[in-house]
Peer 1: 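Submitted below is the structure of interest, expressed as structure tokens.
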Amino acid sequence: MKKEISKAFESVSKEKEIYGMWEESGLSNPDTMESYLREKDIAVKKPFTIPLPPPNANANLHIGHMCGYSFQDAMGRFNRMTGHPTLLLPGKDHAGIQTETSFTKILKERGIDKWSMSREEFYKQCYEFSMKNAQNAREQEKNIGLSADYSREFFTLDPRLTKIVYETFYKMFKDGLIYRDKRIINWCPNCKTALADIDTEHEARRGIFAYIVYPFIDESDRARAKEKFGIEGITVATTRPETMLGDSAVAVNPMDDRYKEFVGKKVLLPISNREIPVIADEEIDMELGTGALKVTPAHSPIDFEMGQRHSLEIINVIDEDAKMSGNVPERFLGMGTVECSKSLVKELNALGLLTKIENITHEIAVCERCNTPIEPIISNQWFVNVKPLAEEALKALEKGDTKVIPSGQQRALEHFLKNIQPWCISRQLWWGQRIPVWYSGGKKLHDWLRENRGKDISEYTKETGLEVNGTGEIYIGENMPSDTSVTWEAEQDMFDTWFSSGQWPYSTLGGIEGEDFKKFYPAQVMETARDILFFWVARMMMLGIYVTGKTPFSTVFLHGLILAEDGSKMSKSKGNGVEPSDVINKYGADSLRLWYFSDALPGSNAPVREEKIKGNRNFVNKIWNASRFILMNIDETELDMVSKYEVDSNLPRVIKTKDHIEKVSKYLENYKFNLGAEAIREFFWHQLCDIWIEEIKGEIKDEAIGSEIRIAKLAELLLILKENLKIMHPFIPFITESVWQELVALKLAEGILMSKQISK
RNA sequence: GGGCGAUUAGCUCAGCUGGCUAGAGCACUUCGUUUACACCGAAGGGGUCAUAGGUUCGAAUCCUAUAUCGCCCACCA
């Protein structure tokens, strides 16, 4: 008796069963796949590699992650089915600041203050937290059908990866690309760490624009100013009055006729009552504000640059908690910046030095992770001079060694690389990889000597009152140097996450000496979301070329952005996210995948439409039923004959099928997933089901069971079905494999569809 | 301020290097219980391809403006 096949495809139970079978087969491992090919005497082509973007191990995966996996898996499966031992290398990212922020929040909810914990304890708990999330993520990946090689999975804090990340750091240091510098950086007062420029975002916030008079010192200047401006000073306009406490100059454009005569004169900085000069700088925009800028080198990037040019004094007045500190009048010490701004406005008004105050909306920099306004402060940090690396990456793009889909994003990437600034790679975090540096005699000594060129240790001791045992030099290495005659202090700063994930394509292959590296590097494809093009793709290219001499991937495929149903961005705060497991449980993974392929195209936005996913579910069900019908039509006594029957390859329907397979293969080779998805649907449904099955139905209607013509027609139908299953498998692996296994059960096919070769 | 992109049926979008009556899915209308499937079948309605110019034998497709929208970058005067 042939077993009954259910009327509807029961995706939930089937998918689990099928995935289990794939796992057991080990075919996701390229080595296993290669031996399989050899065993079957199939030509082994060159390996196909995609380093899968490691999701952050601090939350569950969202519908956007699943989108990436769908594309990656489709590419992987197609290549695996065309003779390429395929490596989809999975992993999870420790995601430095992001995980530290979210885990700190979780601790807070539990009533635990991060700062009351030891670093070690925090790290340990954060690690457990990440491992738990990694496990969840892994299950979700499997739910969408990802045929990744989990025997090669990595977590970014794996010691094997850290070793490679360190080696890169040493190499860069030796090449003079890494340096420690004291300069203005983006400081997040909430995360209490430095941030790279790219880690900040710009948001429109309400603020004030205050016009403040800085009176001239000199009697004659005052008189002239009075005559010219109606007041005895120069008026500056600022959105941040509190920074005036750290002003070291007022700058005007040298071409500005209003102020020309005052350049070089001195004004009195109100409240602080310090004398500061009026300087001329070409960067000043005469149109903005009053055309006179108060210069605060310690707390504004543009002012910092200006300060460097004019050797202005740097006066720190805001500390790392975004509180007023340092050389400010006593009454402001410890005040928050906003509060201080308010009191200053009041005081200035009382002094008659505030001529105008406007309410404005302006763009300010905020921390990408916690939305806290960035405080630009002067700080000692580690930097990478990425300019030379960016140039190499640019060359790779220009030569076409790496191309980006969509091409518009390639131009954006080029633009980014051309305008790249030094990369601040140190983070004052507890979670991540420690920067492998040791300071002889302490970090403070080292920084002091660097800031006070020409001075020596005795002067340091005199100035700070600190006795030191060391030279102030640094040692680059993971472990403390063996020279115990000096006191070594370990660098406590962590690497920017992207410094390690930027090495993902080769670190996961064992580095340049690794066996896997020789076989699988460079990868063919990097498939990811476009929002990490600069963060990640750019860094991978720069670091990859620097370390290995080769661009890490030849194609960058950026899938579209998944949006909420109404076209808005999905976000936790809005609560409009779509839970992938809900969709998969309701409609099956194949249906969701098919939706991605047709809608989440490179460069496009894709609002989630349940109706469309439902439509795909209908298609999946159609495949199930058509297959079921074919199988039901083959009588038990005919199974053997049908399976052994040699179908004439010149039959029109067989030829047309072959053409179709070629067409879809082309689409896949050219990353035209939408066209591929459309083609398989169109062909299976409207050609095979609507026309051919109906035709054959008629052709065999009156034929006796076991007759030559029945066997021929059924064998033809079966062949067409099998070829269709193969070409559809990269898109919708579960349904196709399920049907294949039904065929296997009836001895009409053998093995696992995943490993079958698409006949082109 | 700079960069990138979009504007095609009610909705979401295809339409590669210019060439048949402009396509798909979903939605919509009418009909249909033929032994795979109603998660189905048959038939059908619906678009001056944002606007204005230009190149061309021929443009949704190339060029130039304009308008609207979106995203990214940018030193918060």
Side-chain angles (χ1 to χ4, degrees), chain A residues 5 7-9 184 186 197-198 200-205 207 209-211 236-240 243 251 283-295 299-306 360-366 373-376 406-416 418-419 421 530-531 533-534 560-561 563 565 567 569 587-588 591 594-595 598-601 603-633 666-667 670 672 674-675 677-679 681-682 685 689-690 693-694 697-698 701:
Chain A
I5 305 172
K7 237 177 165 182
F9 179 62
I184 195 150
N186 305 295
D197 293 340
I198 197 176
T200 66
E201 277 178 1
H202 292 80
E203 264 184 23
R205 294 274 174 103
F209 201 32
Y211 291 74
V236 297
T238 179
T239 55
R240 298 198 57 190
T243 62
E283 286 293 300
I284 299 297
D285 186 338
M286 293 187 270
E287 308 290 313
L288 281 170
T290 61
L293 173 73
K294 55 184 275 315
V295 186
H299 300 292
S300 158
I302 186 173
D303 297 11
F304 178 80
E305 298 297 331
M306 216 172 285
I360 56 158
T361 302
H362 60 149
E363 295 271 316
I364 64 161
V366 298
I374 290 300
E375 207 54 68
S407 56
Q409 293 297 309
Q410 172 147 345
R411 282 189 284 278
L413 181 59
E414 284 165 354
H415 188 258
F416 172 80
K418 274 176 198 154
N419 297 293
Q421 295 299 313
R530 67 169 183 254
D531 56 354
L533 182 63
F534 304 150
L561 185 67
L563 301 172
E565 182 127 31
K569 257 189 183 166
Y587 298 112
S591 313
L594 210 47
W595 175 72
S598 33
D599 274 39
L601 303 178
S604 76
N605 295 331
V608 175
R609 294 288 304 283
E610 186 168 351
E611 281 307 314
K612 299 187 83 167
I613 299 169
K614 190 173 159 191
N616 293 337
R617 190 272 317 263
N618 295 352
F619 173 53
V620 167
N621 194 57
K622 185 79 184 176
I623 297 170
W624 182 250
N625 274 291
S627 310
R628 191 171 135 250
F629 174 75
I630 294 170
L631 294 184
M632 277 166 52
N633 260 285
K666 275 258 159 54
Y667 286 148
N670 295 309
K672 306 277 187 189
N674 58 321
L675 299 180
E678 195 184 318
R681 181 197 192 94
E682 170 68 24
W685 202 325
C689 295
D690 293 349
I693 289 183
E694 293 305 320
K697 246 189 211 175
K701 207 168 113 199

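In what follows, chains are A, B, ... by sequence order, proteins preceding strands, each numbered from 1.
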Peer 1: Both R240(A) and E694(A) contact RNA chain B. Taking the nearest nucleotide for each, which residue is further toward the 5' end?
Peer 2: E694(A)
Peer 1: I want to verify a distance call: between rA42(B), rG2(B), rA14(B), whose nearest atom is closest to the H415(A) side chain?
Peer 2: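 In terms of side-chain proximity for H415(A), the closest of rA42(B), rG2(B), rA14(B) is rG2(B).
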Peer 1: With the threshold set at 4.0 Å, does a side-chain nitrogen-carboxylate oxygen contact exist between K697(A) and E694(A)?
Peer 2: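 Result for this pair is yes, salt bridge flagged.
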Peer 1: Go through rG41(B), rA74(B), rG25(B) for me and flag the one nearest to the K612(A) side chain.
Peer 2: rG25(B)
Peer 1: Can you find a side chain N or O atom of N621(A) that sits less than 4.0 Å from OP1 or OP2 on rC40(B)?
Peer 2: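 Negative; the distance criterion is not met.
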Peer 1: Before accepting this row, confirm whether a basic side-chain N of the pair K672(A)/E678(A) lies closer than 4.0 Å to the acidic partner's carboxylate O.
Peer 2: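 No, K672(A) and E678(A) are not salt-bridged.
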Peer 1: Can a cation-pi geometry be assigned to R617(A) and Y587(A), taking NZ or CZ under 6.0 Å from the six-membered ring centre and within 45° of the ring axis?
Peer 2: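 Judged by the rule, R617(A) and Y587(A) form no cation-pi pair.
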Peer 1: Roughly how many Å apart are rU66(B) and rU56(B), using the C1' atom of each and rounding to a whole number?
Peer 2: 23 Å
Peer 1: State whether K672(A) places a side-chain N or O below 4.0 Å from either non-bridging phosphate oxygen (OP1 or OP2) of rC16(B).
Peer 2: no
Peer 1: Mark yes or no for a side-chain to base donor-acceptor pair under 3.5 Å between K622(A) and rC39(B), with no hydrogen or angle criteria applied.
Peer 2: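 Absent.
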Peer 1: Can you tell me, in whole Å, how much space there is between the C1' of rU17(B) and that of rU34(B)?
Peer 2: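 The answer is 48 Å between these two C1' atoms.
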Peer 1: Where do I284(A) and A251(A) come nearest, in terms of heavy atoms and distance?
Peer 2: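 In terms of heavy atoms, the two residues are closest at CD1-CB, 3.8 Å.
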Peer 1: Specify the residue among G615(A) and N625(A) whose closest nucleotide of RNA chain B lies further upstream toward the 5′ end.
Peer 2: G615(A)
Peer 1: Please report the distance separating the P of rA6(B) from the corresponding atom of rA50(B), rounded so that it comes out in whole Å.
Peer 2: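 rA6(B) and rA50(B) have their P atoms separated by 12 Å.
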Peer 1: Describe the nucleic acid contact of L601(A) in one word from base, sugar-phosphate, nothing, applying a heavy-atom distance below 4.0 Å.
Peer 2: sugar-phosphate
Peer 1: For atom C1', what is the distance between rC26(B) and rA14(B), given to the nearest Å?
Peer 2: 14 Å
Peer 1: With respect to the phosphate group of rG41(B), does any side-chain polar atom (N or O) of W685(A) fall under 4.0 Å of OP1 or OP2?
Peer 2: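 Yes, W685(A) has a side-chain N/O under 4.0 Å of OP1/OP2 on rG41(B).
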Peer 1: What is the distance, rounded to the nearest whole Å, between atom CG of D599(A) and atom P of rU12(B)?
Peer 2: 11 Å
Peer 1: Tell me: CD of E201(A) to C1' of rA74(B), nearest whole Å?
Peer 2: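 Checked: the CD to C1' distance equals 14 Å.
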Peer 1: Touch check for F209(A), heavy atoms < 4.0 angstrom, all strands: base, sugar-phosphate only, or nothing?
Peer 2: sugar-phosphate
Peer 1: Which of these nucleotides, rA74(B), rA36(B), rA14(B), is closest to any side-chain atom of H202(A)?
Peer 2: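 Among the listed nucleotides, the one closest to the side chain of H202(A) is rA74(B).
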Peer 1: Any donor-acceptor pair under 3.5 Å between the side chain of E283(A) and the base of rA77(B)?
Peer 2: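 Looking at the base of rA77(B), it does not pair with any donor or acceptor on the side chain of E283(A) (distance under 3.5 Å).
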Peer 1: Search all heavy atoms of V366(A) against all heavy atoms of I374(A) and return the closest pair with its distance.
Peer 2: C-CG1, 3.6 Å
Peer 1: Counting side-chain heavy atoms from CB outward, which of rG5(B), rA36(B), rC72(B) is closest to M632(A)?
Peer 2: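 So the nucleotide nearest the side chain must be rA36(B).
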Peer 1: Within this structure, what is the NZ-OG distance for the pair K294(A) and S300(A), rounded to the nearest 0.5 Å?
Peer 2: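 Reported to 0.5 Å precision, the distance equals 8.0 Å.
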Peer 1: Could you please name the option among rC37(B), rC26(B), rA77(B) that lies closest to any side-chain atom of T239(A)?
Peer 2: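 Ranking rC37(B), rC26(B), rA77(B) by closest atom to the T239(A) side chain puts rA77(B) first.
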Peer 1: Round to the nearest Å and state the distance from E610(A) atom CD to rC39(B) atom C1'.
Peer 2: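 Spelled out: CD on E610(A) to C1' on rC39(B) is 13 Å.
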Peer 1: Select base, sugar-phosphate, or nothing to describe what L675(A) touches, counting heavy atoms under 4.0 Å on all strands.
Peer 2: sugar-phosphate
Peer 1: From C-beta outward on K697(A), which listed nucleotide comes closest to its side chain: rG41(B), rC26(B), rA36(B)?
Peer 2: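 Closest of the options to the side chain of K697(A): rA36(B).
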Peer 1: Would you tell me if any nitrogen or oxygen in the side chain of R617(A) comes within less than 4.0 Å of OP1 or OP2 on rC37(B)?
Peer 2: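 Result: no.
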Peer 1: Where the side chain of D690(A) is defined as all heavy atoms beyond and including C-beta, which of rA42(B), rA36(B), rC13(B) is the nearest nucleotide?
Peer 2: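 Nearest listed nucleotide: rA42(B).
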Peer 1: For the side chain of C689(A), starting at C-beta, report the closest nucleotide among rA36(B), rA27(B), rA77(B).
Peer 2: rA36(B)
Peer 1: Considering only heavy atoms and no angle criterion, is a donor-acceptor pair shorter than 3.5 Å present between the side chain of R609(A) and the base of rC26(B)?
Peer 2: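 Such a pair does not exist between side chain and base.
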Peer 1: Between rC71(B) and rG58(B), how far apart are the C1' atoms? Round to whole Å, please.
Peer 2: 36 Å
Peer 1: On a heavy-atom basis, which atom in K612(A) and which in W595(A) lie closest, and how many Å separate them?
Peer 2: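 In terms of heavy atoms, the two residues are closest at CB-CD1, 3.9 Å.
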